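Presented below is the structure to which this report refers.
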Amino acid sequence: MASVPEHYALCEMANHCLAERHHRRAATLLWEAFRKCPSSWTCGRYNMFSMYVSALSEDTSSKPTRKDLKNLQSVLDDEMELKIFRVAAGQALGLFYGSVFHEHEDAADFFRQAISLADAVSERELKECNAHSISNDGSDIRNTLGELRSNCKANLNAMENPAMHRFRVGEPPNLPSTFHQRSDGTIAETKPYLMDLPSNDPNRAKVGGSDCDHCLKTLAELAIPRLSICTRCKMAYYCSKECQKAAWRKGHKVACRAPDQRERGDLMRLLPLGTEEEHVSKLVTLVEQLANGQWQVKLTTAPHETLIVDSDRLAHIRPDK
């Protein structure tokens, strides 16, 4: 009697773990199955990879680990891997960095990479996927690739367009949803991430990277693949050293903050707690740092009220200069 292939046995074990809602263990098994599955079995490998990402998404007891992020990054960076896997990895990294770790600049960069890869898929690669049983006519792979790209684009648009973040208390935001398949086959709906807008400069709510922060020219106008980033704050983008130097003299020197730097008077995002029902990031002004490292802050929507919060709940928004 022929023995059961190892990747198949690992999948069976993972399914049992998912049935018992042991998502962390299931994710570990699914990653091992994905790595051991023959490269010729494209359909099976893609299902395993999708289930791995879903298991990580559904694990409410813990965040994806550094190893998980490294796993996904390895797929995204693997030039020998089929692009549909790389696009899926980029989308997953964008979602995790954006909604779990609240690192929106990194999330936007992953979405851009995924979109670029999706646009670069050739007819030859689509036919190669057909040959490995994703579908007979290419419709499934095209649809899957199109859905991945659309979801990345929807999230990126919401992050790049401040109007998409506009939110009023008591008025549910009418924003486009994105969808992903859970490990049990059902479909989950996700709203783009929301945050309050700075009243004096709504553009500070958006992620950068699509246009130069000094000359304001877009990537399309500049005909370049990506912009340079300020190595200190990692939130300001420039098309050239000349623009970066000009912006530094114009005021970025004063506005620039290192990721762990906080100063009195700074406008920052107050990240929501995991137990909060609303997934909205509030804007606060830093008043004073306390002896225990916490900060006294005041909400921009209620400036007469102050809160005491842990410093790790405070995240920078883009500098005003």
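Predicted model only: the values in this text are computed from it and were never measured.
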message: So which atom in R25 and which in C17 form the shortest heavy-atom distance, rounded to 0.1 Å?
response: CG-SG, 3.4 Å
- prompt: Does the side chain of Q113 come under 3.5 Å of the side chain of D109 through a donor N or O and an acceptor N or O?
  reply: yes
message: I'd like to know if V75 and L93 are part of one continuous hydrophobic network [Ile/Leu/Val/Met/Phe/Trp/Tyr, side-chain heavy atoms within less than 4.5 Å].
response: yes
- prompt: Centroid-to-centroid, Y46 to F85, below 6.0 Å?
  reply: yes
query: Under 30°, 30 to 60°, or over 60°: which ring-plane class applies to F110 and Y97, parallel, tilted or perpendicular?
result: tilted
field: Between CG on residue L69 and NZ on residue K63, distance to nearest 0.5 Å
entry: 11.0 Å
query: Do D310 side-chain atoms and D312 backbone N/O form a donor-acceptor pair below 3.5 Å?
result: no
message: Restricting to non-hydrogen atoms, name the atom on T42 and the atom on S39 that form the minimum distance, rounded to 0.1 Å.
response: OG1-O, 3.9 Å
task: Check I115 against C152 and note the closest heavy-atom contact, atom names and distance.
output: CG1-CB, 3.8 Å
- prompt: How far apart are the closest heavy atoms of L30 and Y52, and which atoms are they?
  reply: CD1-N, 3.8 Å
query: In Å and rounded to the nearest 0.5 Å, what is the CG to CG distance from L156 to N151?
result: 12.5 Å
field: Candidate pair C256 and Q261, rule side-chain contact (heavy atoms from CB on, under 4.5 Å), full reasoning
entry: CA-CA 9 Å; C256 185; Q261 181 183 3; over 6 Å; no
D77-Q73 side chain donor-acceptor pair, cut-off 3.5 Å: yes
- prompt: By salt bridge (Lys or Arg N to Asp or Glu O under 4.0 Å), which residues pair with E81, not counting sequence neighbours?
  reply: R45
- prompt: Is there a salt bridge (charged side-chain N to carboxylate O under 4.0 Å, His left out) between K153 and E160 once you walk through the steps?
  reply: CA-CA 10 Å; K153 190 65 176 176; E160 289 183 334; 5.5 Å; no
Whether S150 side chain and G146 backbone form a donor-acceptor pair below 3.5 Å: yes
message: D266 vs R257, test: salt bridge (charged side-chain N to carboxylate O under 4.0 Å, His left out). Steps then yes/no.
response: CA-CA 10 Å; D266 282 355; R257 297 281 187 271; 2.9 Å; yes
query: Thinking salt bridges, do K234 and D106 make one under a 4.0 Å N-O criterion?
result: no
- prompt: Same cluster or not: are L314 and M235 linked, directly or through other Ile, Leu, Val, Met, Phe, Trp or Tyr residues, by side-chain heavy atoms under 4.5 angstrom apart?
  reply: no
field: R264 atom CZ, neighbour heavy-atom count above 12 within 6.0 Å
entry: no
Heavy-atom closest contact (W295 atom, E263 atom, distance): CH2-C, 4.2 Å
query: Under a 4.5 Å side-chain heavy-atom rule over Ile, Leu, Val, Met, Phe, Trp and Tyr, are L286 and V254 clustered together?
result: no
message: Could you check whether any side-chain N or O of Q289 sits under 3.5 Å from a backbone N or O of Q294, counting only pairs where one atom can act as donor and the other as acceptor?
response: no
Test item: H252 side-chain N/O and Q244 main-chain N/O as donor-acceptor pair under 3.5 Å: no
- prompt: When hydrophobic residues are tied together by side-chain contacts of less than 4.5 Å, even through go-betweens, does L56 share a cluster with M48?
  reply: yes
- prompt: Who else is in I224's hydrophobic cluster (ILVMFWY, side-chain heavy atoms under 4.5 Å, direct or via others)?
  reply: L219, L222, L227, I229, Y237
task: Determine yes or no for a side-chain-to-main-chain donor-acceptor pair under 3.5 angstrom, with R262 supplying the side chain and S311 the backbone.
output: yes
field: Chi angles and distances behind the side-chain contact (heavy atoms from CB on, under 4.5 Å) call for F111, L95
entry: CA-CA 8 Å; F111 287 137; L95 292 172; 4.0 Å; yes
query: Just how far is it from atom NZ of K298 to atom OG1 of T300, taken to the nearest 0.5 Å?
result: 10.5 Å
- prompt: Roughly how far apart are H16 NE2 and H22 NE2, rounded to 0.5 Å?
  reply: 13.0 Å
Sequence neighbours excluded, every pair satisfying salt bridge (charged side-chain N to carboxylate O under 4.0 Å, His left out) that has a member inside residues 15-24: R24-D68
field: R318 and D213: CA distance, side-chain angles, deciding distance, salt bridge (charged side-chain N to carboxylate O under 4.0 Å, His left out) verdict
entry: CA-CA 10 Å; R318 279 167 50 76; D213 285 324; 2.6 Å; yes
- request: Report whether L148 and L76 are members of the same hydrophobic cluster (ILVMFWY, side-chain heavy atoms less than 4.5 Å apart, transitive linking).
  value: yes
query: If you take all heavy atoms of M159 and A107, which pair is closest and at what distance?
result: CE-CB, 3.8 Å
